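One structure is given below, encoded as structure tokens.
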Amino acid sequence: MLGLLRDLEHLLRQARDLEQGQLTLAADSPFAAMPLLRRLQDAHPGIAASLVTGNTATTLKALRDGTADAAVATLLEPAPDLARLCLGTDRVVLLLPRDHELAGSAQVDLRALDGVAMVAREEGSATFRLFAAACAATGIRPRLTLQLGSREALREAVAHGFGLGAVFEEEAGTDPRLVRRALAGQGLQADTCLLALAERAQLGVVKALFALAAGPAHAEAARNRPG
């Protein structure tokens, strides 16, 4: 009987959380996080949600130190302490000025970037780590001219001629000064995941977020995502 009462109390507490709870979501990009937050608000309008953005390293740190309840991030290595749900796959593309000599090609081979001036995100960024690993595996060494702390700064640096940039396709933007081109090479794609500490994934609002992310509308969006 006591066990049944505890279970009932737990269910009532979870129901209250979905009516007036709070959620802090950390993300290394707003593009995958925003549709998820939209679905959460539509399903549970009483939940007060906040979004904290940063690079992949700071996003995972926020999740692990309890600053965030859940996270949306690019996961490049196993993380046995985290529950995960794949939201889709994105691919690194090349961002370059519209008048650059490589802009005339629909696709650029990674090997063509050996010795080429490039700008990059900071080392805590999944984009930087993925691109650097692909270059090392291919045996090429682009010439790094500038490291930047945001995708917006990277786009401005490319537009002002500091070098070409490698970005995830979903984050390339629509700046009329720039074009994106597919990159031919191995190891240039990664999964974007919804993440939570394993012990918290079945609790209240976090559990509801995972359930919404796994729903049929999300599955259709993931299939249609470029990559």
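Bear in mind the structure is a predicted one, so any value in this text is a computation, not a measurement. Just so it is clear, the values below take in all heavy atoms, side chains as well, and ignore hydrogens, waters and symmetry mates.
- Heavy atoms of other residues, nucleotides or ligands lying less than 6.0 angstrom from CZ of R177 number more than 12.
- Looking at R155 and E152, their side chains come closer than 4.5 Å, going by heavy atoms from C-beta outward.
- Within the 3.5 Å criterion, the main-chain N or O of G163 finds no donor-acceptor partner in the side chain of R143.
- The backbone N or O of T74 sits less than 3.5 Å from a side-chain atom of D28, completing a donor-acceptor pair.
- The side-chain hydrogen bond (donor to acceptor under 3.5 Å, both in side chains) test with D42 singles out one residue from H44, R39, R38, and that residue is R38.
- Under a cut-off of 6.0 angstrom, the local environment of CZ in R141 is sparse, with at most 12 non-hydrogen atoms contributed by other residues, nucleotides or ligands.
- For R181 (side chain) and S105 (main-chain N/O), a donor-acceptor pair under 3.5 Å exists by modelled atom type.
- Atom CD of E199 has more than 12 heavy atoms from other residues, nucleotides or ligands within 6.0 Å.
- With sequence neighbours excluded, no residue forms a side chain to side chain donor-acceptor pair (under 3.5 Å) with Q107.
- Ion pairing between R91 and E169 fails under the 4.0 Å rule for side-chain N and carboxylate O.
- Panel note: side chain D191, backbone C193; no donor-acceptor pair is recorded below 3.5 Å.
- The two residues L154 and G165 have their closest heavy-atom pair at CD2-CA, 4.1 Å.
- Each of L209, T53, D69 was scored for a side chain to side chain contact (heavy atoms under 4.5 Å, CB included) with L25, with one residue passing: L209.
- Looking at R151 and E170, no side-chain N of the basic residue comes within less than 4.0 Å of a carboxylate O on the acidic one, giving no salt bridge.
- Taking all atoms of both residues into account, the shortest heavy-atom contact from A103 to V179 is CB-CG2, 3.8 Å.
- When all heavy atoms of L183 and F131 are compared, the closest pair comes out as CD1-CE1, 4.1 Å.
- The hydrophobic cluster containing L188 also contains M118, counting ILVMFWY residues as joined when their side-chain heavy atoms lie under 4.5 angstrom apart, directly or transitively.
- The shortest side-chain heavy-atom distance between L95 and L164 does not fall under the 4.5 Å cut-off.
- Inspection of the S125 and N55 side chains reveals no N or O donor paired with an N or O acceptor under 3.5 Å.
- Between the T58 side chain and the G54 main chain, no donor and acceptor come within less than 3.5 Å of each other.
- The shortest heavy-atom contact between L194 and A70 is CD1-CB, 4.3 Å.
- Pairing each heavy atom of P35 with each of P30, the nearest pair is CD-O, 4.5 Å.
- When all heavy atoms are compared, the tightest approach of A157 to L146 is CB-CD2, 4.1 Å.
- L102 and F162 end up in different hydrophobic clusters when Ile, Leu, Val, Met, Phe, Trp and Tyr side chains are linked at under 4.5 Å.
- You'll find the side chain of L148 stays beyond 4.5 Å of the side chain of E156, heavy atoms only.
- Between the side chains of E171 and S29, at least one donor-acceptor pair of N or O atoms lies under 3.5 Å.
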